[in-house]
Amino acid sequence: MALVTSSREPIDALVERVLRQLSQGRAPSSIELERVDFKEEGGRRDGDGSVSPGSTTNEHAASHLAAEMACMANTPGGGAVILGVSDNGDPIGTRLNADWLRHRIWELTSGQLTVAVREESLDQCRILILTCIEALAPIRHGGKLRWRVGTNCVEVDPVVWQSRMLERIGFDWSEQPSGKTLDDVSPLALEVARRYLRESNGTQASLTEATDADLLRRLNLVKGERDLTNAATLLFVATPWSGVDYIRRDMPGGDSTLRIEGEGPLLAQIREIEQAGNAANRVTHTEAGYAHGKIWAIPPRTLREAIVNGLAHRDWQTARPTVVEHIGDTLTVTSPGGFVGGITPANIITHPAVPRHRNLSEAMAALGLAEREGIGVDRMVRDMLAIGRPMPVIAEVDGPYVRVVLLGGSPDTAVVNLVAALSPAWTGNVDSLLLIEHLTRHGWVDAESATSLLQRSSSAETDEAIRRLADAGIDDAGSAPVIAPVRGVPSQQPKAFRLSDVVRRRLAHRLAPLRTREGREAMILGWAQARGRVSSTEVADLTGTSPVSARQLLSRLVAAERLKPGRPGSRGRGFFYVPK
């Protein structure tokens, strides 16, 4: 049995995608997913590393695959193993009988796991694709309960697994009665709640005038007449253990200058941690153009969002606290519990909001602490990029935990001024800033390459985002364009874009790595590999150099056997090179 949700991409589509990428020469390690893994059949390597032909049955391989498939079944959404591919991507195939393997895995998992096994051909080599749906009960192998975190199988606590399963079936722990009543509410928590409401200036500001009981009822935190939900007890009474552990160090490896182990109502803990974080949040005073004024090392809204997300979406069934490490200008928030509802680092910006605890999340949003619309991550990304800092690093790590890292620091005034000058003003949205930041590191972008960057499902969506940026201008530069089409692209190929000459000059310091010999060669090779060809006109436009310099660069890549002529001869109108 399995739980089927529309929030997860079908496993067959994921398998098709990674096989397509493998056929394009990508290494398995670079394309494996949380739900798709490559394996070679165990027990076939000789002492010298050569591969034996194998047979129709192989106990060693079956035992290993049973463990891997049990791990996949324990993972939300289930998964697949592609059998018959070596670590370096070579198809070495397998002779294992599909029916025998399917039955043997069922036996090795005590009849708990039935996998689908189908034959496929990869470069005329027989491979097997093993798939399984998500298990409704934990499946152990060798006495261990494991699931996938990233691209690794790791042990998981049964309580954590059960908590994730309850989330998957829509059970909201935070909405259940807690055993506490309105009489248990902390006056301090009520005062903090009203402060947040006054500061939010939102549609819920009228709640500040409500009575204590009405305030909690209108936040949907009361069951019946007086019973509090678990969310209400967390926010207004006390967390069952320390909810958040804040550690401040002035520099990496330095002694802690402040340690706060939160106790009591969660609202009071958040207020105390937020105030400590803002007190340690360095301010830069600048007087350059639009950037005149003071800019925080970490935008305060982003700092709050990271802390609140780490508490609203954490697993409250575990006694481990949400750890906030504030070291120098870097803030790291590590919260118990992995991603939920199909959210991954690859889709977290655009995926619809999937709260682990809906009652808790909605109450915090109503108080002005979090984003009800599920756009908090968007704003964190935008706010960091808008001051020239890296976008937040968000990942799931062993435990599982979700870790958010904000790499704050001195703002890049050139970026701040550029964002302020974008016209129309809405151009400074997260899509545009992601595209501009990508162009400063890679030199070019097209709809295909921007699909994963903007976390969209199709190149048609990213094409629209690129078009909007191409139509925008820079007000204080006489409405100069932000990006420009790459010259020399054949009419039958999709358009590609680079930063305009005006923006190149403004952001010259950020483009410096692309202006080195190594940087230019890497950019052109990336272009040739992604687009299938490259001409001297394209090279000159991408690198901002003369046609002579462009031809010299191409000659070096040909001599290094990284490119080859696209047709016999080496001259003539329309001549181009292709990857070798």
Just wondering, do I466 and I483 contact through their side chains at under 4.5 Å, heavy atoms? yes
Apply the test side chain to side chain contact (heavy atoms under 4.5 Å, CB included) to residues R35 and T344: give CA-CA distance (whole Å), side-chain angles for both, the deciding distance (0.1 Å), then the verdict. CA-CA 11 Å; R35 298 170 60 208; T344 70; over 6 Å; no
Salt bridge D463-R467, side-chain N to carboxylate O under 4.0 Å: no
Could you walk me through whether L435 and F497 pass the side chain to side chain contact (heavy atoms under 4.5 Å, CB included) test, one step at a time? CA-CA 10 Å; L435 288 168; F497 291 82; over 6 Å; no
Correct closest heavy-atom pair for V482 and I436 would be CG1-CD1, 4.0 Å
Between the CD1 atom in I474 and the OG atom in S500, the distance rounded to the nearest 0.5 Å is 5.0 Å
Between L439 and L511, what is the shortest heavy-atom contact and its length? O-CD2, 4.0 Å
Under a 4.0 Å threshold between the charged nitrogen and the carboxylate oxygen, would E437 count as salt-bridged to R510? no
In this structure, are over 12 heavy atoms from other groups packed under 6.0 Å from R118 atom CZ? yes
Euclidean distance, Y577 OH relative to S536 OG, rounded to 0.5 Å: 7.5 Å
Kindly indicate, with the supporting measurements, whether the criterion side chain to side chain contact (heavy atoms under 4.5 Å, CB included) is fulfilled by V404 and N309. CA-CA 9 Å; V404 178; N309 275 348; over 6 Å; no
Give me the one residue out of L553, L542, V539 that meets side-chain contact (heavy atoms from CB on, under 4.5 Å) with M523. L542
Is a side-chain N or O of T302 found less than 3.5 angstrom from the main chain of D383, in a donor-acceptor match? no
Distance in Å, L303 CG paired with W296 CH2, rounded so as to fall on 0.5 Å steps: 10.0 Å
Sub-3.5 Å donor-acceptor pair from the side chain of T284 to the main-chain atoms of S410, do we have one? no
Heavy-atom neighbours of D471 CG exceed 12 at 6.0 Å: yes
Of E119, E41, R104, which meets side-chain contact (heavy atoms from CB on, under 4.5 Å) against L96? E41
Answer whether the closest heavy-atom distance between the side chains of T57 and N97 falls below 4.5 Å. no
For the backbone of N152 and the side chain of E32, can you confirm whether one donor and one acceptor N or O come within less than 3.5 Å of each other? no
Does E305 reach the side chain of R379, with side-chain heavy atoms less than 4.5 Å apart? no
Of all residues at least two apart in sequence or in a different chain, which pass the side-chain hydrogen bond (donor to acceptor under 3.5 Å, both in side chains) check with T545? T543
Tell me, do L525 and L563 make a side-chain contact under 4.5 Å, heavy atoms counted? yes
Could you tell me which non-hydrogen atom of A450 sits nearest to which non-hydrogen atom of V445, and how far apart they are? CB-CG2, 3.8 Å
Do other residues, nucleotides or ligands put more than 12 heavy atoms under 6.0 Å from E120 CD? yes
Where the side chain of R382 meets the backbone of G428, is there a donor-acceptor pair that is under 3.5 Å apart? yes
Checking side-chain polar atoms at under 3.5 Å, does N429 have a donor or acceptor matched by the opposite partner on D431? no
Rounded to the nearest 0.5 Å, what separation is found between the CD1 atom of I31 and the OG1 atom of T151? 12.0 Å
Has the side chain of R95 got a donor or acceptor atom that lies under 3.5 Å from a matching backbone atom of T56? no
T334 and R403: side-chain donor and acceptor closer than 3.5 Å? yes
Keeping the roles fixed (side chain from T516, backbone from A512), state whether a donor-acceptor pair exists under 3.5 Å. no
Take atom CD in Q124; do more than 12 heavy atoms of anything else shown fall under 6.0 Å from it? no
Apply ring-ring contact (aromatic ring centres under 6.0 Å, His included) to H438 and list each qualifying residue two or more places apart in sequence or on a separate chain. H442
Looking at side-chain heavy atoms only, is the closest gap between F576 and R531 below 4.5 Å? no
Let me confirm one number: the CZ-CZ distance from R520 to R515, rounded to the nearest 0.5 Å. 6.0 Å
Output yes when a side-chain donor or acceptor of R126 lies under 3.5 Å from a complementary backbone atom of G84, and no otherwise. no
Measuring from M69:CE to L65:CG, what's the distance to the nearest 0.5 Å? 8.0 Å
Which atom pair, heavy atoms only, marks the closest approach of P76 to W147? CD-CE3, 4.3 Å
Within the side chain of N74, is there an N or O that forms a donor-acceptor pair under 3.5 Å with the backbone of A70? yes
Can you tell whether the side chains of D501 and R504 come within less than 4.0 Å, N to carboxylate O? yes
Take D541 and W444, measure what side chain to side chain contact (heavy atoms under 4.5 Å, CB included) needs, and give me the verdict at the end. CA-CA 10 Å; D541 196 47; W444 64 276; over 6 Å; no
Are R468 and T427 packed together at the side-chain level, in the sense that at least one heavy-atom pair is separated by less than 4.5 angstrom? no
Can a donor-acceptor pair be found, under 3.5 Å and without considering hydrogens, that links the side chain of N58 to the backbone of G42? yes
For E40 and R45: C-alpha separation, side-chain torsions, deciding distance, then whether salt bridge (Lys or Arg N to Asp or Glu O under 4.0 Å) applies. CA-CA 10 Å; E40 66 173 63; R45 288 278 180 183; 2.9 Å; yes
With sequence neighbours excluded, residues passing side-chain contact (heavy atoms from CB on, under 4.5 Å) with A66: I105, L108, T109, H141
Taking all non-hydrogen atoms of both residues into account, name the closest pair between C132 and L113 and its distance. CB-CD1, 4.2 Å
Residue pair V15 / I82: nearest heavy atoms and the distance that separates them: CG1-CD1, 4.1 Å
Less than 4.5 Å apart, any side-chain heavy atom of P392 and any of V381? yes
For the pair R389 and D329, find out whether any cationic side-chain nitrogen is under 4.0 Å from an anionic carboxylate oxygen. no
Flag yes if more than 12 heavy atoms outside Q493 fall under 6.0 Å of its CD atom; otherwise flag no. yes
Test your reading of the model: is there a side-chain donor-acceptor pair from S423 to the backbone of D475, 3.5 Å cut-off? no
Under a 4.0 Å threshold between the charged nitrogen and the carboxylate oxygen, would E538 count as salt-bridged to R533? yes
If we check side-chain contact (heavy atoms from CB on, under 4.5 Å) with I129, which of these qualifies: L19, L122, V81, L83? L19
Flag the pair F38 / L22 as yes when at least one side-chain heavy-atom distance between them is below 4.5 Å, and no otherwise. yes
